[in-house]
Amino acid sequence: MITGNFEYHQPGSVPEAVALLSDLGDEARVIAGGHSLIPTMKLRLAMPEHLIDLQGISELKNIAVSGSDVRIGAMTTQAELITSEQLLKAAPIIRETALQIADPQVRYMGTIGGNVANGDPGNDMPALMQCLDATFVLQGPDGERLVQAREFYEAAYFTARDDLEILTEVRFSACAGGFSYGKQKRKIGDYATAAAAVLLTKSADGSCTHASVALTNLADTPLYCADASALLQSKGVNDASIAEAVESAMEQIEPVDDNRGPAEFKRHAAAIILTRTIQEAWSRA
Amino acid sequence: MSKQTITLNVNGESLSAEAEPRELLIHVLREQLKITGPHIGCETSHCGACTVEMDGMSVKSCTMFAIQAQGKEITTIEGLGTPDKLHVLQESFKEHHGLQCGFCTPGMITRAHRLLEENPNPTEEDVRFGIAGNLCRCTGYQNIVKAVLAAADELNQPESVA
Ligand SMILES: Cc1cc2nc3c(=O)[nH]c(=O)nc-3n(C[C@H](O)[C@H](O)[C@H](O)COP(=O)(O)OP(=O)(O)OC[C@H]3O[C@@H](n4cnc5c(N)ncnc54)[C@H](O)[C@@H]3O)c2cc1C
Ligand code: FES
Ligand code: FES
């Protein structure tokens with residue numbers, strides 16, 4: 001399993017990395033943790049001639065929480081997300097999700113930027129980012145651009161990011177209230193057969209003041225379920241409304257047969273996982 | 001692509017190798033530096049046999065180019081103990097039958113070492129979750145978990161020096 005040949009570059013700043021990417025053009029790719037890219041390169045599904053390693057850019061490695069504003073640098077690893085106390089307070093669903101990604105070794109290397117930029121429908125962070133209504137910051141030759149996570153994913157491995165842009169930061173608002181990331185997988189270290197991210201806020205009188213639902217690996221992009229979210233918010237959370245919300249979300253999914261099972265099985269698993277995830281989020285709300 | 005000089009700090013020693021950027025860390029360690037403790041099980045990031053410690057992280061050295069590890073501190077099983085003076089974890093694996101063929105063992109122990117650095121008092125569940133990236137086709141894991149828990153106890157004794 002030897003990858004194709006490439007030239008290796010290690011820029012020390014974002015402008016330097018953006019300039020390199022512009023100069024080298026199509027033949028260049030950035031590498032973050034490498035835990036999606038290197039396996040793809042070993043299979044020669046990717047054969048970049050230049051790799052631009054972002055590990056030396058310290059400004060991309062930080063977690064900043066100020067008031068309700070949360071900003072995470074692209075090179076922050078899953079392990080760093082898990083151990084951040086300020087993030088645990090601001091958005092506990094991040095740790096819950098990160099702990100369900102891969103295994104410890106992968107989590108030390110895999111970054112949030114790589115996970116959301118990759119565009120693999122199996123990645124767990126993209127649906128979570130849609131659930132949080134996060135914004136991605138992109139830096140390119142023409143400067144900075146913001147794209148909503150809910151607008152970012154176009155098809156498998158196709159995103160709104162231009163080839164010459166680097167995703168530098170993920171931003172979202174702190175979320176109090178009930179949360180849950182539920183994931184059905186064959187074993188630890190596996191991508192989801194079906195997974196769901198749910199945020200629910202309960203008011204003092206028991207009504208639901210905010211609901212957000214998104215799904216992982218059930219279509220060729222992550223899916224934000226706007227109708228299911230609106231339904232839970234308007235009808236409140238109870239067995240009947242959960243069933244209705246799940247039914248609505250299931251109309252959006254387009255699972256395909258693969259080694260995780262036939263589409264029919266995935267539909268079945270998805271409905272169960274989403275039901276349980278909503279129930280758990282509500283029980284914590 | 002031409003070879004470049006890569007300098008790694010392995011087990012406290014600064015070592016250099018000439019390698020193409022595409023050479024994986026595991027290949028440079030094993031074939032050039034002759035550090036053959038870390039094994040190649042799957043070469044596809046799944047088994048953990050190639051696990052080494054790098055700057056306080058457990059990493060799969062088959063999923064990293066050696067050039068990415070330039071200048072980093074790497075610890076392999078060779079850096080933990082010697083045949084004359086086994087590390088507590090090595091002693092414990094021996095004592096509790098934490099290995100059979102031994103193929104997964106260097107990765108398993110290197111990973112367990114980092115786990116105990118971060119969590120000196122793990123529960124059984126912590127150990128199982130913490131070594132979930134390391135596969136063993138022989139032992140059924142039971143005795144590996146026992147060995148790690150016993151090593152944690154041993155290391156927590158006041159008189160022991162790791
Ligand atoms: C055994 C195994 C199991 C796994 N299981 C899971 C799982 O259950 N769930 C899950 O979500 N993931 C899983 N992964 C993938 C893992 O989380 C990856 O680390 C992650 O998908 C990519 O992050 P990375 O930092 O490694 O990115 P890389 O592999 O370095 O990059 C991935 C892609 O994104 C691009 N990219 C990276 N960073 C940026 C940036 N800042 N700006 C623009 N483009 C960028 C790269 O060019 C590349 O195309 C698994 C991986 C392995 C090896
Ligand atoms: S050889 Fe590296 S994970 Fe199997
Ligand atoms: S002892 Fe044989 S693979 Fe673990």
Side-chain angles (χ1 to χ4, degrees), chain A residues 1-10 27-56 61 75 77-80 82-83 98-111 114 185-191, chain B residues 1-4 6 19-27 31 38 40-72 107-108 110-112 114-115 118-119 125-135 141:
Chain A
M1 302 281 273
I2 313 278
T3 72
N5 262 317
F6 58 85
E7 221 171 289
Y8 176 82
H9 310 263
Q10 205 189 107
E27 307 306 333
R29 285 279 278 275
V30 303
I31 180 165
H35 274 55
S36 287
L37 185 56
I38 295 175
T40 317
M41 287 174 66
K42 285 182 181 176
L43 296 169
R44 309 250 172 160
L45 294 172
M47 292 186 66
E49 288 175 17
H50 297 270
L51 276 191
I52 302 173
D53 191 346
L54 303 180
Q55 70 161 309
K61 216 176 187 18
M75 288 299 286
T77 63
Q78 314 287 0
E80 287 161 346
I82 290 167
T83 48
L99 279 170
Q100 295 181 68
I101 292 178
D103 59 44
Q105 283 94 322
V106 177
R107 294 194 293 266
Y108 282 113
M109 291 301 296
T111 65
K185 53 188 191 283
R186 295 171 301 179
K187 64 173 200 43
I188 281 195
D190 193 19
Y191 291 93
Chain B
M1 235 36 70
S2 57
K3 295 199 176 201
Q4 297 177 25
I6 296 171
E20 289 180 7
R22 64 168 165 174
E23 287 183 56
L24 298 170
L25 178 58
I26 185 72
H27 291 148
E31 287 156 28
I40 301 175
C42 64
E43 225 182 345
T44 58
S45 338
H46 287 94
C47 75
C50 63
T51 300
V52 301
E53 204 165 298
M54 189 185 83
D55 286 357
M57 310 182 291
S58 299
V59 302
K60 293 175 180 172
S61 57
C62 75
T63 312
M64 166 172 266
F65 298 113
I67 199 162
Q68 292 176 282
Q70 177 86 270
K72 306 230 193 272
M108 205 57 98
T110 313
R111 171 62 200 136
R114 175 101 297 267
L115 172 69
E118 289 173 14
N119 180 0
E125 202 189 328
D126 294 339
V127 172
R128 289 186 184 274
F129 192 69
I131 60 169
N134 294 73
L135 301 182
Y141 303 99

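Only a predicted model underlies this, so the values are computations on that prediction, with no experimental measurement involved. In what follows, chains are A, B, ... by sequence order, proteins preceding strands, each numbered from 1.
Highest contact tally toward chain B, considering only Arg107(A), Met109(A), Gln55(A), Lys187(A), is held by Gln55(A) [criterion: heavy-atom pairs under 4.5 Å]. Chain A forms the most heavy-atom pairs under 4.5 Å with one residue out of Glu43(B), Arg22(B), His27(B), and that residue is Arg22(B).
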**Request:** Kindly determine whether Thr44(B) and Lys42(A) satisfy side chain to side chain contact (heavy atoms under 4.5 Å, CB included), including the steps that lead there.
**Result:** CA-CA 8 Å; Thr44(B) 58; Lys42(A) 285 182 181 176; 5.7 Å; no
**Message:** I'd like to know whether Met1(A) forms a side chain to side chain contact (heavy atoms under 4.5 Å, CB included) with Ile40(B), so could you lay out the CA-CA distance, the side-chain angles of the two residues, the decisive distance to 0.1 Å, and finally the verdict.
**Reply:** CA-CA 11 Å; Met1(A) 302 281 273; Ile40(B) 301 175; over 6 Å; no
**Request:** Begin from the C-alpha positions of Met41(A) and Phe65(B) and carry the test side chain to side chain contact (heavy atoms under 4.5 Å, CB included) through to its verdict.
**Result:** CA-CA 11 Å; Met41(A) 287 174 66; Phe65(B) 298 113; 4.0 Å; yes
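Taking each heavy atom of Ser45(B) and Pro39(A) in turn, the nearest pair found is OG-CG, 3.8 Å. Across Ile188(A) and Ala132(B), no two heavy atoms sit closer than the pair CG2-CB, 3.4 Å.
With sequence neighbours excluded, the residues satisfying ring-ring contact (aromatic ring centres under 6.0 Å, His included) with His9(A) are His50(A). By the salt bridge (Lys or Arg N to Asp or Glu O under 4.0 Å) test, Asp190(A) is found to be paired with Arg186(A), Arg260(A), residues two or more places apart in sequence or in another chain being considered.
Proximity to chain B (any heavy atom under 4.5 Å) is shown, for Leu99(A), by both the backbone and the side chain. Heavy atoms closer than 4.5 Å to chain A are found in both the backbone and the side chain of Ser58(B). Using a 4.5 Å cut-off between heavy atoms, Leu24(B) contacts chain A through its side chain alone, with no backbone atom that close. Using a 4.5 Å cut-off between heavy atoms, Glu118(B) touches chain A through its side chain atoms alone. With a threshold of 4.5 angstrom between heavy atoms, Leu51(A) approaches chain B through side-chain atoms but not through N, CA, C or O.
Taking the charged nitrogens against the carboxylate oxygens, Asp103(A) and Arg111(B) have no contact shorter than 4.0 Å, which rules out a salt bridge.
Note that CD of Gln4(B) is 9.5 Å distant from OH of Tyr8(A), once rounded to the nearest 0.5 Å. Note that OH of Tyr108(A) is 10.5 Å distant from OG1 of Thr51(B), once rounded to the nearest 0.5 Å. If you take CE on Met57(B) and CD on Gln105(A), they are separated by 11.5 Å, rounding to the nearest 0.5 Å.
In this structure, the side chains of Ile31(A) and Gln68(B) come closer than 4.5 Å at one or more pairs of heavy atoms.
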